[in-house]
Amino acid sequence: MKTIDFILNGKPIRSELSADRRFLDVLRKELGLTGAKEGCGEGECGACSVLLDGKIVQSCILPLASVDGKTVMTIEGYKKTKKFKAIETAFLKEGASQCGICTPGMVMATEYLLKNNPAPSYDEIRHGLSGNLCRCTGYNMIFNAIRRAAKEGEGLW
Amino acid sequence: MKRDISKSIDNVEGREKISGEAIYTSDITMEGMLYAKTIRSTIAKGRIRHISIPSMPKGYYTVDAADIPAENYVHMLHEDWPVFAENSVNHIGEPIMLIVGPDKEVIKDIVGDVKITYDEQTPVFDLSDSHKALEFTKGNPKHAFKKAHKIITYGYETSYQEQTYIEPQGFIGYPENDGVTLIGSIQCPYYVKNAVKTTMGMDDDKVRVIQAAVGGAFGGKEEYPSLIGCQLAVAVAKVGKPIKLVFEREEDMEVTTKRHPAKIHMEAAVDETGHIRGIRSHIGIDGGAYMGLSQVVLSRGMLAVTNAYTIDHVNCKGDVYLTNTVPNGAFRGFGAPQMIFAIEMFINHIAEDLGENPLEYKMRHMAAQGDLTATGGVFRDPILLNEMLETIMEDSAYHEKHKAYQDPDVFKGIGMSWFLHGCGFTGSGEQEKIRARIRLKKDDKDDVHILIAAVDMGQGPKTTMRKLVASLLEIPIENVHFKNPDTRYVTDSGPTVASRTMMVVGGLVARATRKLSEQWVSGQELVVEESYRQPDYVKWDQDTMTGDAYPAYSWGINVTEVAVDPNTYEVKVKDMWNIYDVGKAIDERVVLGQADGGQAQAVGYATLEKMEHNAGKLLQKNLTDYIIPTAADTPRMHNKLIDNPYPLGPYGAKGAGELTLVGGAPSVALAIEQAIGRRIYKIPATPEHLMELMNHEDH
Amino acid sequence: MVDNVIPKSLDEALEHLAKGDYQIINGGTDLMVKNRAWSETRLDFKKNMLYVRSLEALDYIKRENNVLRIGATTSLESLLYHEHVPSVMKECLHLFASPAIRNMATLSGNIGNASPAGDGLLITYLLDGVIVLVNAEGVRKVRINDYVKGPGTTDRRSDEMIKEIQLHDDAFDYTVFNKVGGRASDSISKTSFAGAVRHEKGIIKDIRIAIGAVAATVIKDKSVEHMLRGQSIHQLKEKIPQILEAYEPHIQPIDDQRSNRSYRKKVAMNLLEAFLRQIASKE
């Protein structure tokens, strides 16, 4: 039996599922991790964002094959980190989450952005979040939250 | 000194949402749960000749009109919208049946094998088939037009807008106590409950509706969920097991309600001094295949005909036209964004035609306290538009920019709109239709439970209602509880719509809280209830549409700055300055969050969000083709609030949610007009449209 | 049932390609969308699938003089931040797609799709790309304009896969990249334009012009480019109407749900003219 092996939130996973399965379905249905959401199923909205070897990807268009031998972090794993705490506090203080359906994806996008650029400008934030749609906030409070997370979480990234 | 209620606190649902722990409908699974997929019409209009169903494996079911125990219509205002199409279909995507079973792969195969043949009929797509006509008159418009020095006439057009909540619609239904329970992504638990009762012929205690976390709604989950809730209830009753029905994105965009496209005709009678003596208007909205809420949408649109201006003589007519397209319905603003676009553009166009400065011209017509509304009601409360205008002009450097951007070579522009929004249901709707009831319960630990049907879909009532009660009782917010509504436990406080939640429901909650406070005995359980009473001063005649259409109004001004690329005709909306009078914000950041979000939707409405159909088939049906603003598109927002407490609102609060969207589009369009030196009569002002305007020499 | 193969090496991938009919899937950002199905159910893949994205041997960026060699599984995001990648290409990558899509997608995948709206394809045309194809027998090189046959069709044989893309850079003095999409980011191009020029002492040494999404393939007219080489900027300035006229018949866009013919055509012509006028202004 061919298996697909990967590390998910620090834990090794061996999957016997077909390699063409959408990784989002594997997370939500097979592993019961529902923090990544399905908003569009076509890689457009970013609600399903996860980190693959530390890089943000859209899990709704990620074949299971692509995680073979790799490390995946979802919001369920990320929320246990110090960096998450800094982002969570900043999102709360700035009102960056309204309906919340895009928020776990926004958090993952924030992590990827800050990892590569610990003190981003507004313009860099705009482009960093450009794959994560939000219909509630108009984004401005998310921008402010990321600036706050970068400032108050200085040294974490 | 007491803390100012407006001072922001952390959103009480923030942590569970940020961490991905909040449970949305699609996150729920139940033991033995089945799935459902909808079979839909592929034609715009016709008779169903034959449905061929493949042999069904054991445990798989079809569910259709024949399975409905009672009424095959979705209980709303009219009885025309079927739960399942029976014999005939009236739009592409109309639901005909569900396929239900345990394995989605098998369901998918069955769906692929169901064949339907039709006798096609000629569909209607133009605005010709009126199913509801409304009209009202103020003063003597006939005379005003007869005496007019000049009559100025223009037409305006607005397009579809998709709510585009990021969470598609869905429910899980399961059998419970010989009845049915539904958990779903909904705005109005009692709308769903009442619709299911009607379709199922069930008693009140047999239908239970519970709200899951809602991933955005904006009106899109006001009436449409009643349709799928009814379908699922029929399925659950037939199959006797839990069933999940969640839409895919494309399915959601193709079949759910949208903002009505509108055509608006405006006529003004102007006197020798240039003053507008009278306005005549007709608004036609495309209702789609069934009436749904279109009549009320039309009404709210018509009531905005003179916006925040006082015009002495008004005649406004409107029609809901049915077409063989997806039914249109509620979307934040509910008819007002269409009409406010028309009137704001119109008044600017009139001023330009008369050679007047548009800002001064608008100011001369600005509504003031004590003036009569378009329907002859009274603006009773103070109107602070002048103060608001002063602030926003300074913040945005409007005058300097407006002057600098007169240079046609800079391709920049600044535009301004002001507007009002009537708070709560129109006329006597609260009193006669909704009759909100709310309940507060104090338990023996002295914790207070808010038992209302209001839904937090991101707009914050979980936070603001708890804050309201905690503040009035002077107890910690942790001792006040407000769970997602479950019709088994909460009273019908009405739908979560029409910017009514804080002003109307919150008003009742505040009253009940005071009652609770008076009767408070520590350690004892106590329940108090309140129900809606229309303020005595509100006088409304629904037949003639005259009197006080709303008990109160919220007010706003948007200023927008844009740059247009002369090579690509793309619009960059750079900055928006906005100021709102929502009476009193129960939480400043919650209202400012509504502002940012509403404005971004207005920017999309004005520039990006193009949706059209070809012979009844929508062309932009996914997030790639239907363009909503991304983080890179959204303007910088500069928002302010001004206090103007409304005596009957809790702490003075009025409506807020819709206000932030209704007037944005004309401010964007007026800025574009300045940038390109051409007039705009329709939105969205896409680059394709701007190219046509800019290459047209004769303007 | 379709066969799903995740090869561990290039040789293993080529072995499979030699044996049977496989659909190569790289980052999947196009194929996963095109073949999407009801959530939690199988995608609509009809062929055996060969997942090459994890072939690390093809994840590289190398530069040899003016030739940039990009391995087939190199992500767009790696390219965006790599020192060897020219700025015009970085501008393209920045607007190409969101970070998540850039992390998944590859240039070879974009070329393999051969969509006339593909932004990566446009840059490959601009930089006179050569596609290095490999099968079990060996390697062959095809120029991009010969490789792309039409929308979605290429010169690749079923036993071959793209191994590398070779781009021919120059020490350009002035470059532009314009993506005209539905919004500022995360969109499919309605039309796109890339231009590059190198001049010495007022004489044009190299000029490249590529226009996307306005015909069945990217427009790049070598005869016009050759004609302009060696001419002075002043001569170019005078020839602008003729140059525009030369491109005009090639620009044959379509109407679709994202835009319309006349807009695409007008904008493409505007961007071309703006590029030429910018060069002319450097006289």
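Below, all heavy atoms of this structure are taken into account, side chains as well, without hydrogens, waters or symmetry copies. Naming convention: chains lettered A, B, ... in sequence-line order (proteins, then strands); numbering from 1 in each chain.
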From [X] atom [atom1] to [Y] atom [atom2], the distance as rounded to the nearest 0.5 Å:
X      : Y      : atom1 : atom2 : value
B:N639 : A:N140 : CG    : CG    : 7.5 Å
B:F218 : A:C136 : CZ    : SG    : 3.5 Å
B:K17  : A:S97  : NZ    : OG    : 6.0 Å
B:S185 : A:I101 : OG    : CD1   : 8.0 Å
B:T164 : A:R135 : OG1   : CZ    : 4.0 Å

Checklist entry - Is it true that A:E42 and B:K621 have a side-chain N and a carboxylate O under 4.0 angstrom from each other? => result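 No, no charged N to carboxylate O under 4.0 Å.
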Item to check | Basic-acidic side-chain contact under 4.0 Å: B:E167, A:K37 | outcome: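 Salt bridge absent between B:E167 and A:K37.
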Checking heavy atoms, do the side chain of [X], its backbone, both or neither come under 4.5 Å from chain A?
X      : answer
B:A22  : backbone
B:E13  : neither
B:P168 : side chain
B:M637 : both

Next on the checklist: Run B:T634 and A:F143 through side-chain contact (heavy atoms from CB on, under 4.5 Å) and show every step you take.
Outcome noted: CA-CA 11 Å; B:T634 200; A:F143 302 160; 3.8 Å; yes
Next on the checklist: Looking at every heavy atom in both B:L623 and A:C40, which two are closest together, and how far apart are they?
Outcome noted: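 Taking B:L623 first and A:C40 second, the nearest heavy atoms are CD1-CB, 3.5 Å.
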Next on the checklist: If you count heavy-atom pairs within less than 4.5 Å of chain A, which of B:N622, B:N11, B:V214 leads?
Outcome noted: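 Top option by heavy-atom pairs under 4.5 Å: B:N622.
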Checklist entry - Most heavy-atom pairs under 4.5 angstrom with chain A, which of B:E21, B:E250, B:Q459, B:Q599? => result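 Going by pairs under 4.5 Å, I would pick B:E21.
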So do [Y] and [X] actually touch side chain to side chain, heavy atoms under 4.5 Å?
X      : Y      : result
A:E94  : B:S8   : no
A:K93  : B:D10  : yes
B:R15  : A:E88  : yes
A:T137 : B:D596 : no
B:L592 : A:M141 : yes
A:E38  : B:R249 : no
A:R28  : B:D27  : yes

Checklist entry - Given a strict heavy-atom distance threshold of 4.5 Å, which part of A:Q98 is in contact with chain B: side chain, backbone, both, or neither? => result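 Both parts, heavy atoms under 4.5 Å.
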Item to check | Inter-chain contacts: residues 73-84 of chain A against chain B, heavy atoms under 4.5 Å | outcome: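 So the qualifying residues are A:I75, A:K79, A:F84.
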Checklist entry - Does the side chain to side chain donor-acceptor pair (under 3.5 Å) test come out yes or no for B:T630 and A:R126, once each step is laid out? => result CA-CA 8 Å; B:T630 67; A:R126 282 169 180 271; over 6 Å; no
Checklist entry - Do any pairs count as a ring pair (Phe, Tyr, Trp, His ring centres under 6.0 Å) and have a residue in residues 107-134 of chain A, sequence neighbours left out, and if so which ones? => result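 Sorted pair list: A:H127-C:H94.
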